[in-house]
Amino acid sequence: MWCKGQIAVVLLLFFLCDAFAQPRFKGRKVMAKHQQPAVVQYFEPRAGAPQTVTAQCTDSEVIVTISPDLLGIQKPVQPSDLSMGGCGVTSPVGTQPFVIEAPLQGCGSTVEMLGAVITYTFTLDYNPSPIDGLPIVRTNPAVVQIECQYNRLHNVSSNALNPTWVPYTSTISAEDVLGFSLVIMSGDWSGPSPSNTFFLGDLINLQASVDGTNHVPLRVFVDSCVATPGSNASAPAYTFIGNNGCFLDSKLTGSNSQFVSPRVAQSVMQFQLDAFRFYGLTTSSIFITCHLKVTLASAIVDALNKDCSYNSALSQWSSVDGNNVVCSCCDTSCANPPPFRRGSGALKHRPKRASEWSTPAEWQETISVGPLYLEQVSPLSLSQSLSGQQDEASPGSQFQDSILGAVVGVLAVSCVAVLFLAYSKANGIANKQ
């Protein structure tokens, strides 16, 4: 009887352990990565080939698959000629198609946050190398842009135990997360530009902004911008904004480049770049890399935190935020601004400048956009000029037509006079007879 009681207790313990055990996954395969297709855009013309580049975006990387017949002209490319922000083909040698696996925050990727969407952009470059032993190539370079888009979701686990209070350190960490963005805008600033092709003479609209949802009001500045023909820091490079927010291009070239004033919001800075191409290069693409930073919107702008445009007609600098004095260093160096003086020149107590606030490192970021493609002349402008030449006569031809008309008129009058004299003489002879 005692043995039966022990057996019953042991069986009861086994039943309870099995009932309260953690759930087991039977016959289920847990996916380590969630994959979604990437957005692939071709920026170089190809010979009508089907899509030869595909990409899959995971939680931590992008997997790019490239067909050997990249250009669709039955001329296989070499894997050594393919690169994505300095990262080469990762698939084993001799295998096809070619594969490049790149981390989301590596291989030259750029991050853009627009609304509730985070976009990681990669640029796949194909630069053909010369045929072995010959100084020639039979394929053109190509550029393919790959985008991975994610929703800005913060709930990572539905089973996590959420505390009923928010720790102070967590609040500070959340406030330090700022979403910087740099976007090529349409001509009327209504949204992102539908095209990345521009013509010489166009003004390229760019908009820098910061999303400080959990912050006190912030003011964004475009500290510097550099244009390069490639996605990496390759030569040549043209710094068109520098010296802590001075639009140097308008001063150096007399262009129409400028910051748009007034601001549409303290967290937004719009500016226009007069389109250009790099001299002596066959490529028409440019990439723009800008360093953005923010200060408190209540802080006073100064020589280190400003955005200034140059007015060629007035030969003077002007600040978007109204205080033109902060632009006085744009022709020299703004790294060491002069001390604040008032009245007789003695140093006085003054309001705290933006550069004297303790600015966290997270309040600045470097962002790149591109490629932008620059054409020499718009086809519409060319057709208009040609039709104008056909419809309108030149001043020289008009003068020649006037001379010819005068000569014809004199000849006509002369002929009439001769005929009149002949007729009069004939009548006189007839009367005498």
Side-chain angles (χ1 to χ4, degrees), residues 41 43 109-115 117-119 121 123 145 147 178-211 218-231 233 237-253 255-278 284-294 305-310 318-321 330 364-375:
Q41 300 179 13
F43 290 111
S109 68
T110 60
V111 184
E112 178 182 344
M113 285 178 268
L114 189 61
V117 177
I118 301 177
T119 302
T121 303
T123 301
Q145 183 171 296
E147 294 182 355
L178 296 177
F180 289 90
S181 68
L182 181 64
V183 183
I184 305 171
M185 302 294 288
S186 60
D188 59 0
W189 300 98
S190 59
S193 174
S195 172
N196 64 336
T197 299
F198 297 89
F199 299 94
L200 298 183
D202 289 347
L203 287 176
I204 303 172
N205 292 342
L206 296 120
Q207 177 173 292
S209 62
V210 62
D211 179 14
L218 300 173
R219 181 185 293 125
V220 66
F221 296 96
V222 181
D223 192 62
S224 64
C225 285
V226 179
T228 56
S231 57
Y238 177 49
T239 301
F240 58 90
I241 297 178
N243 208 1
N244 300 112
C246 301
F247 218 131
L248 304 177
D249 180 66
S250 51
K251 176 65 182 294
L252 296 174
T253 66
S255 68
N256 295 319
S257 300
Q258 63 176 346
F259 291 107
V260 177
S261 180
R263 293 175 182 260
V264 296
Q266 293 295 328
S267 60
V268 176
M269 173 54 67
Q270 297 175 334
F271 57 105
Q272 297 178 305
L273 175 63
D274 210 331
F276 65 90
R277 294 182 64 182
F278 283 100
S284 63
S285 64
I286 63 172
F287 290 77
I288 296 176
T289 302
C290 294
H291 181 71
L292 311 179
K293 61 183 180 181
V294 297
N305 299 277
K306 65 185 184 306
D307 281 323
C308 299
S309 300
Y310 185 76
S318 60
S319 170
V320 171
D321 298 298
C330 283
Q364 53 187 335
E365 188 169 336
T366 300
I367 304 180
S368 298
V369 293
L372 288 74
Y373 291 95
L374 279 302
E375 303 295 338

Rounded to the nearest 0.5 angstrom, the OG-CZ distance for Ser284 and Phe278 is 12.0 Å

Looking only at heavy atoms, the pair that brings Asp321 and Arg263 closest together is OD1-NE, 2.8 Å

Phe221 backbone acceptor or donor facing Asp307 side chain under 3.5 Å | no

Min side-chain heavy-atom separation Asn205-Gln270 under 4.5 Å
no

> Any side-chain donor paired with an acceptor under 3.5 Å for Asp249 and Tyr238?
Replying inline: yes

Closest non-hydrogen contact found for Phe247 with Gln272 is CZ-O, 3.4 Å

Residues passing the side-chain hydrogen bond (donor to acceptor under 3.5 Å, both in side chains) test with Ser186, sequence neighbours excluded, are Asp188, Ser190

Taken to the nearest 0.5 Å, the spacing of Thr121 OG1 from Glu147 CD works out to 4.5 Å

Nearest heavy-atom contact between Thr123 and Phe287 is OG1-CE2, 4.0 Å

Residues Val111 and Ile367: closest non-hydrogen pair is O-CG2, 3.9 Å

*Please examine the side chains of Phe198 and Leu372, heavy atoms only from C-beta on, and report whether any two atoms are closer than 4.5 Å.*
yes

Query raised in the report: Going by atom types alone, do Ser250 and Ser255 pair a side-chain donor with an acceptor below 3.5 Å?
Result: no

| Chi angles and distances behind the side chain to side chain contact (heavy atoms under 4.5 Å, CB included) call for Glu112, Val183 | CA-CA 8 Å; Glu112 178 182 344; Val183 183; 3.1 Å; yes

Less than 4.5 Å apart, side chain to side chain, heavy atoms only: is that true for Leu200 and Asp274? no

Candidate pair Gln207 and Ser181, rule side chain to side chain contact (heavy atoms under 4.5 Å, CB included), full reasoning: CA-CA 8 Å; Gln207 177 173 292; Ser181 68; over 6 Å; no

query: Should Cys330 and Lys251 count as side-chain neighbours, where that means a heavy-atom distance under 4.5 Å?
result: no

Side chains of His291 and Ser224: do they bring a donor and an acceptor to under 3.5 Å?
no

task: With the side chain counted from C-beta on, respond yes when Phe240 and Val226 share a heavy-atom pair under 4.5 Å apart, and no when they do not.
output: no

When rounded to the nearest 0.5 Å, the distance separating CZ of Phe276 from OG of Ser257 is 8.5 Å

task: Please determine, by modelled atom types, if Ser195 and Ser193 share a side-chain donor-acceptor pair under 3.5 angstrom.
output: no

In terms of heavy-atom contacts, Ser368 and Thr289 come closest through OG-OG1, 2.7 Å

Walk me through it: do Cys290 and Cys225 pass the test disulfide (SG to SG under 2.5 Å)?
CA-CA 4 Å; Cys290 294; Cys225 285; 1.9 Å; yes

- request: Please test Val369 against Leu206 for side chain to side chain contact (heavy atoms under 4.5 Å, CB included), starting from the C-alpha separation and ending with a verdict.
  value: CA-CA 10 Å; Val369 293; Leu206 296 120; 4.2 Å; yes

**Message:** With heavy-atom distances below 4.5 Å as the criterion, would you say the side chains of Trp189 and Val264 are in contact?
**Reply:** no

Rounding to 0.5 Å, atoms CD1 (Ile288) and OG1 (Thr228) come to a distance of 9.0 Å

| Would Phe259 and Ile241 satisfy side chain to side chain contact (heavy atoms under 4.5 Å, CB included), going step by step from the backbone distance to the final call? | CA-CA 10 Å; Phe259 291 107; Ile241 297 178; 3.8 Å; yes

Heavy-atom nearest pair, Pro192 first then Leu114, reads CG-CD2, 4.2 Å

So salt bridge (charged side-chain N to carboxylate O under 4.0 Å, His left out) across residues 221-230, not counting sequence neighbours, yields Asp223-Lys293

- Query: Is there side-chain contact between Leu292 and Val222, with heavy atoms separated by less than 4.5 Å?
  - Reply: yes

Check: Are we looking at SG atoms under 2.5 Å apart for Cys246 and Cys308?
Finding: no

